[in-house]
Amino acid sequence: MTSSLAAIPDRGHPAGDSQRQQTSTPTNQSAKGKEQAKSSRTGNPSSGGNDRQPVFDTDSLNEQSPLLSPSSGSGEDDGFIRAQALDNGEDEHQATKSVWYLILLTISIGGLQIAWSVEMSNGSPYLLSLGLSKSLMALVWIAGPLSGTLVQPYVGMLSDNCRLSWGKRKPFMLGGAAATIISLMFLAWTKDIVGGFFGVFGADPESAFVKNSIIVIAVLWVYILDFAINTVQAAIRAFIVDCAPSHQQEVANAMASRFVGIGNIAGYLAGYTDLPSVLWFLGDTQFKDLCAIASIALGVTVVATCIFIRERDPRLEGPPIKDKPGVLAFFNKIFTSIQRLPPQTRKVCEVQFCAWIGFFPMLFYTSSYIGEIYAEPYLEANPNMTPEELDRLYEDATREGTFALLIFAITSLATNVFLPFFIAPTYTTQPGSAVVSPDEGGPSSLKDYDEEKSWLDYLVIPGFTLRRAWMLAQILFTCSMLCTVFVRTVTAATVLIGLVGITWALTLWAPWAIISAEISRRDEERRQQRAQRMLSPTRGMDGYNSDEARELESGEDAEAADQAGVILGIHNMAIAAPQIIATLLSSVIFQIFQKPRGEPGDHSIAIVLALGGITVLISAFFIHRIRDDPDVPADIMSAVEDGDAPSRPGTARSRTRSHEQLPRASLERATLVRNKSFGGMEY
Ligand SMILES: OC[C@H]1O[C@H](O[C@H]2O[C@H](CO)[C@@H](O)[C@H](O)[C@H]2O)[C@H](O)[C@@H](O)[C@@H]1O
């Protein structure tokens, strides 16, 4: 396999291509990249003697390239602007971004996570306090997986086809955030609003009718909230893919996972604090204050991301695919998109599908599991506790369980913060600074790179790729979950749950990094192909021979393009749908093994957790089947994996060689690029 890939020549620089004229000049790529970076720092618009070379102002958060800005506004100009933008063979969106850019790009997912954690940790107790019965709680729990399965692919599809000037994803981020904030507010104030409304007509707020109305409306708001949160989540994930360059997808998604971790812990800590005594002006109950904090965090972070990070203007991408309206057409589209998933993405989805059958019980039943262990000796010692004594015991037990979840969240965040420094990067180069071996005019020694190396670069463990780390983390999860059946002390159980925080950290990072890198890379290839088409001498000013050709080709282009929104939506289906399966399976197991409340010896949760651990082991096997060298174009990789490697090496470019085949200089430079992003050094 390796040899067939080694022979793949440089697809990005075909002979006779004007791009080649730029990239194959005696000035090697790395030097050129450095010069661009330097000129962007100094503000010197030197572009290697080419007037049309864009200046990559990588320090600038808001990429204000006049080449990409549709300032003239008219649709007729778009083709010309696009031709200009692509004519120079460079894409400013692929320029390496600073750590501040990555922070602003991903911070909104942290704001969103606070909303998630408030709902997850406090939603159930709040609904129970309104009088909802425990048996009906399942109706509420299913809202999350259901909305994740349906909403994310739908929002992905809509946003892929959105052609508003301010971007494809921002309308959904802002609209979804507004809907989330409204839902949080209504949910927290349901009792006041509904009680007040019926009070106007003279209804007694303590009557069964008013109480039931409050419960029904609160559950309705939980559904609306889950649909709104999933809208924002879908849009933010696709926004990250769109706005981070291909070679920084791993870094950008690592940053996103850190914000998810921070958001989780912030949500937890807020839950622990007695908020009404401190933030009385936000609301008179804990839940009202939590919802207000989550709303502020979400609003501020989403607006910050939208202000500082600029999307490509989607109008420059040509007309959207004309999807048929209707539910059937939507499912048809999803079905077709599943069949056309890029190969790495397909494998990640298989992993996620198995893994989330196991993750769901871990996320939802951990506190009860720890609680059962805590309560067991007390129940054995005193088998005849009164209901009040039992309530008190289970309250203490829940506190122990919540503490374990806090340890889980801290381990997870610590892993997200520190692990990336040890991971060997799988994305090798920055586009536009292609892998160039010494005989292709590349550096003959590592001297250039050594000058820039910092101590962080020495932390990287060779061969410890993100994929391998992810696989090991799944195996760790399996071992920990199998141990839950044997563990009998709260401390040991807390250690097990703390350990799976490592798995959770990688779950929040690795799948998105792999998928995003693949989508972004394929998108970049498509853009370059289109740029070449634009430069064809037989083309008109806008790159097309005629109106019909423009329409036909842009339609085909859109069909052929990977649609980040739909793909990420399908990936989320692979996360959310198994949660529904897990809910059903675990309820069967509970039916068989559960003991009545207050009776010792109930190990039903541990059985569910252990079985979940086995499904995660299957997912580890699927990760084993994913390749570490995603730089190889996906179509070729899939052909190679299918034992059908192209015998005529005519399509790939040199920067797409496999991980093992790359010159050491390229890997070192990739590490440098990545570590600088992590460490906060500016470009
Ligand atoms: O993927 C990270 C997120 O995982 C959970 O969300 C997933 O499950 C939700 C239902 O439980 C579903 O609505 C969502 O679409 C899925 O992505 C978790 O609840 C989030 O906190 C976490 O960020």
Side-chain angles (χ1 to χ4, degrees), residues 106 108-124 137-156 172 176 180 183 222-238 240 253-254 256-268 271 294 297-298 301 348-349 351-353 355-366 405 408-409 412-413 416 470 500-501 503-516 565 568-583 586 612 619:
T106 55
S108 47
I109 208 149
L112 181 70
Q113 193 60 34
I114 296 183
W116 263 129
S117 71
V118 164
E119 191 203 345
M120 295 282 174
S121 59
N122 289 271
S124 306
M137 276 307 289
L139 259 184
V140 181
W141 283 355
I142 215 80
L146 200 64
S147 54
T149 308
L150 297 175
V151 173
Q152 293 219 19
Y154 188 61
V155 169
F172 294 90
T180 304
S183 320
V222 171
Y223 270 78
I224 299 173
L225 175 63
D226 279 346
F227 278 66
I229 287 183
N230 271 296
T231 302
V232 190
Q233 194 175 350
I236 295 178
R237 284 291 181 184
I240 295 173
N253 283 287
S257 61
R258 287 168 182 164
F259 279 118
V260 171
I262 292 169
N264 253 337
I265 293 187
Y268 266 122
L298 179 65
T301 54
V348 170
C349 287
V351 172
Q352 294 282 58
F353 193 89
W356 275 84
I357 296 180
F359 290 157
F360 181 78
M362 184 275 294
L363 290 174
F364 279 80
Y365 304 132
T366 287
L405 282 174
F408 164 81
S412 172
L413 178 61
N416 280 141
W470 188 24
V500 298
T503 311
W504 185 240
L506 278 141
T507 296
L508 293 178
W509 176 23
W512 278 279
I514 294 170
I515 292 178
S516 305
L568 290 168
I570 291 170
H571 171 240
N572 201 68
M573 284 174 83
I575 289 175
Q579 296 183 43
I580 302 175
I581 298 173
T583 312
S586 40
S619 81

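Atoms within a ligand are numbered from 1 in the order they appear, just like the ligands themselves.
Between Trp116 and Gln233, the side chains place a donor N or O and an acceptor N or O closer than 3.5 Å (distance only, hydrogens not considered).
Centroid-to-centroid, the aromatic rings of Trp470 and Trp512 stay 6.0 Å apart or farther.
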Identify the protein atoms, limited to N or O, that lie within less than 3.5 Å of an N or O atom of ligand 1, and list each pair with its distance to 0.1 Å.
from     : atom 1 : to     : atom 2 : distance (Å)
ligand 1 : 8 (O)  : Gln579 : NE2    : 2.9
ligand 1 : 11 (O) : Gln579 : OE1    : 2.7
ligand 1 : 13 (O) : Gly144 : O      : 2.7
ligand 1 : 13 (O) : Asn230 : ND2    : 3.1
ligand 1 : 15 (O) : Gln152 : NE2    : 3.4
ligand 1 : 15 (O) : Asn230 : OD1    : 2.5
ligand 1 : 15 (O) : Asn572 : ND2    : 2.7
ligand 1 : 17 (O) : Gln233 : NE2    : 3.3
ligand 1 : 17 (O) : Asn572 : OD1    : 2.8
ligand 1 : 21 (O) : Gln113 : NE2    : 2.8
ligand 1 : 23 (O) : Gln113 : OE1    : 2.7

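Contact of the Phe408 side chain with the Asn264 side chain is not registered, since no non-hydrogen atoms from C-beta on lie closer than 4.5 Å.
A 6.0 Å sphere centred on OH of Tyr154 holds no more than 12 heavy atoms belonging to other residues, nucleotides or ligands.
A donor-acceptor pair under 3.5 Å is formed between the side chain of Ser586 and the backbone N or O of Ala582.
In terms of the side chain to side chain contact (heavy atoms under 4.5 Å, CB included) criterion, residue partners of Thr106 (sequence neighbours excluded) are, by chain and number, Ile240, Met255, Ala256, Phe259.
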